[in-house]
Amino acid sequence: MPMKINVVVLDHVSKVYRVGVEDFTALHEVTLEVGEGAFMSIVGPSGSGKTTLLNLIGGLDRPTAGNISFRGRKLSEMSRDRLASYRRENIGFIFQTYNLLPVYSVYENVLFPLLLLGHRESEVRGKVMSLVQKVGLEPQVRKKPSELSGGQCQRVAIARALVKDPSLILADEPTANLDAENSFQILELMRDLNKQFQAAFLFSTHDEKVTRYISREVRLEDGRIMWDKRRNGHGELE
Amino acid sequence: MIFKIAWTNFYRQGIRAFLNTLITALTLIALIFMVSLFNGFQAQATHNLVITDVGGGHYRAPGFDILTPTEWEDKTRPVPSSLAGLPRGEKAEVLIQQGQLFPNRRLYPVQLRGVEMGQTLLQVPLAGLESFPAEPPDVVPVVVGTKMASRTRLEKGDTVILKFRDRFGVVDAREVVVVDVADIVNPRLDEGVVWLRIDHLRKLTRREGEITWVAVDGFKGPVSGFEFHTPEMLMSDLLTLLRYDRRNAKVLMSILLFLTGISIFNSQFLNVFKRQKEIGTLMALGMEARRIVRLFTLEGSLAAVGAIFLGALLGIPLFLWFQSIGLDVSHLSEATMPVREKIFLEFRPVEIVSVLTFVVALMVFVAWLPVRKIAGLDATLALRGRAIT
């Protein structure tokens, strides 16, 4: 079995926020590796540091201490512009509240990251349409986010995250705003796309249903890793 | 690409963008209207004074003061030969004397103003006197303005006793007939003024060939025994008044611009405030902070340009319509301001450009400022909508 290369490595990463006059430690010396094509979740109660961890990996925030490396490059050494370029080229985000651009259609929302990468629309139209089709939104392709259901919006967000062929997709509570039926469909879709595109998926969630789909689960409590379980040959997390 | 995104963001905001643009357009119209109306008022006041009285200046008998009637009789001179020969479009001889009118058995001190017939320099409605011979008839023809007629209850055709003194101090009285009640655009030349042919007034007061001043179309060089009064000197009281008015208008304008600024700032700031998450999303998608700032600034600029176009679309027909009806300011005419019953807009390109520049610069600035702040913070705050609170 070929050895999988780590996409992201966190080395004793801490994040401290100042709240008023007091310091609040959101993450405490977290060390973690995310391999290529991983499909893993960060679980834990609210306030355990899941979102902070994803934000740090996504270069949206900087750690107070420790290092985060993406394919061997330290994020802490990157300028703001370089971090933007890192996100643009390598990271796909899926947010709990979808964060779609409200004035754009489904097609345009999916197209947008490619325009940021400097592609011309005519060059990538086929690719965008193919992804829209994969997430099952072809009939809604001209609709705006306000005309879509929550599940449909999250599908657009998934297509938008995948369209630029990123190495890593960070999904912050992707099913939190969805009902059971839609959550199931979204998780199925993400797992299929994970297999198809080979992008690593890293979820933050406190949704028990997610556990059935992932191959690795990291539990965070009070900013510390409590366990890091991987699925064994019998399909059980250990 | 940034322009395309900005344009799409702008026009797809729909009613929100339209209302924002409309409010700014209306503000532009209001500001330009106010400034131009004030200009129109000032221009008409000075213009009316020039065409009815001041011309291009006066050659006056030294020491003459219109506010000292008791000295008018001493401040007359024979018409200087260098001015007497000027064409009738370049000069108007004027003789000022004091008199007393007795309408309805009441005494009414008046200014007797004799003006050369046939002159075309000053626009005074004395056509009713043209047909009379140079020699005054037994009942001397005079013209009064509408305000004067109203005050003294005189009508066209009425006769009334006029008392005056001749150059030797002899008091004389003649019956005069009101041959016309004229609409005089300058109220200063209406109330308390009785208009006569200059030759009649000269005969009555035995001042053959004399004048108080000669109004000219411009400086004709030094004239011995006369002082030249420039239009600015002759209108100094009005100009001082208008200067104070302009200062007051500037204060008012500043207040209006300030309120406009607050209104634009408020609407633009609210617009950016509501789009914090969108800014955070753009950051997460990998757009650099400076491109986000450029994008939103461009959107603000598009809104400003849209406001100018919409302002022109709404404002030009409004201004054309207003120019056809004017603004009734007859109350100012009553207050002896030299304005007609209606004033009209006078547009000055410099002021219009200044107003447009101010509003556009403000819109761009308030689009730039909050976004610059948000984009300078970490993206997580923007994503949570907490970058600016």
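A note on names: the letters A, B, ... follow the listed sequences, proteins ahead of strands, and every chain is numbered from 1.
Here CG of A/L60 is found 7.0 Å from OG1 of B/T380. Values are rounded to the nearest 0.5 Å. The line from CG of A/L116 to CE of B/M287 is 5.0 Å long, rounded to the nearest 0.5 Å. Residue A/N99 holds its CG atom at 10.0 Å from CG of B/L282, rounded to the nearest 0.5 Å.
When heavy atoms are compared at a cutoff of 4.5 Å, B/I2 does not approach chain A at all. Only the side chain of B/R291 comes within contact range of chain A, with at least one heavy atom under 4.5 Å from a heavy atom of that chain. For A/Y104, the parts lying under 4.5 angstrom from a heavy atom of chain B are both the backbone and the side chain.
Enclosure of atom CZ in B/F347 by more than 12 non-hydrogen atoms of other residues, nucleotides or ligands within 6.0 angstrom is indicated. Counted within 6.0 Å of CD on A/E22, heavy atoms from surrounding residues, nucleotides or ligands total 12 or fewer; the atom is thus considered open. By the 6.0 Å contact criterion, CZ on A/R219 is enclosed, its count of non-hydrogen atoms from other residues, nucleotides or ligands being greater than 12. In A/D81, the CG atom is crowded: over 12 heavy atoms of neighbouring residues, nucleotides or ligands sit closer than 6.0 Å. When the shell of 6.0 Å around CZ of A/R18 is examined, it contains more than 12 heavy atoms from other residues, nucleotides or ligands.
Side-chain N or O atoms of A/R87 include none that pairs as donor or acceptor with a backbone N or O of B/L285 at under 3.5 Å.
With a 4.5 Å cut-off on side-chain heavy atoms, B/M283 and A/R80 count as touching. At least one side-chain heavy atom of A/T97 sits less than 4.5 Å from a side-chain heavy atom of B/K277. Side-chain contact between B/T281 and A/F93 is absent, with no heavy atoms from C-beta onward closer than 4.5 Å. A/V103 is not listed as a side-chain neighbour of B/Y11, based on a closest heavy-atom distance of 4.5 Å or more.
Heavy-atom pairs under 4.5 Å with chain B peak, among A/K144, A/E89, A/E108, A/R62, at A/E108.
When the ring pair (Phe, Tyr, Trp, His ring centres under 6.0 Å) test is applied to B/F358, no partner is found at least two apart in sequence or on another chain.
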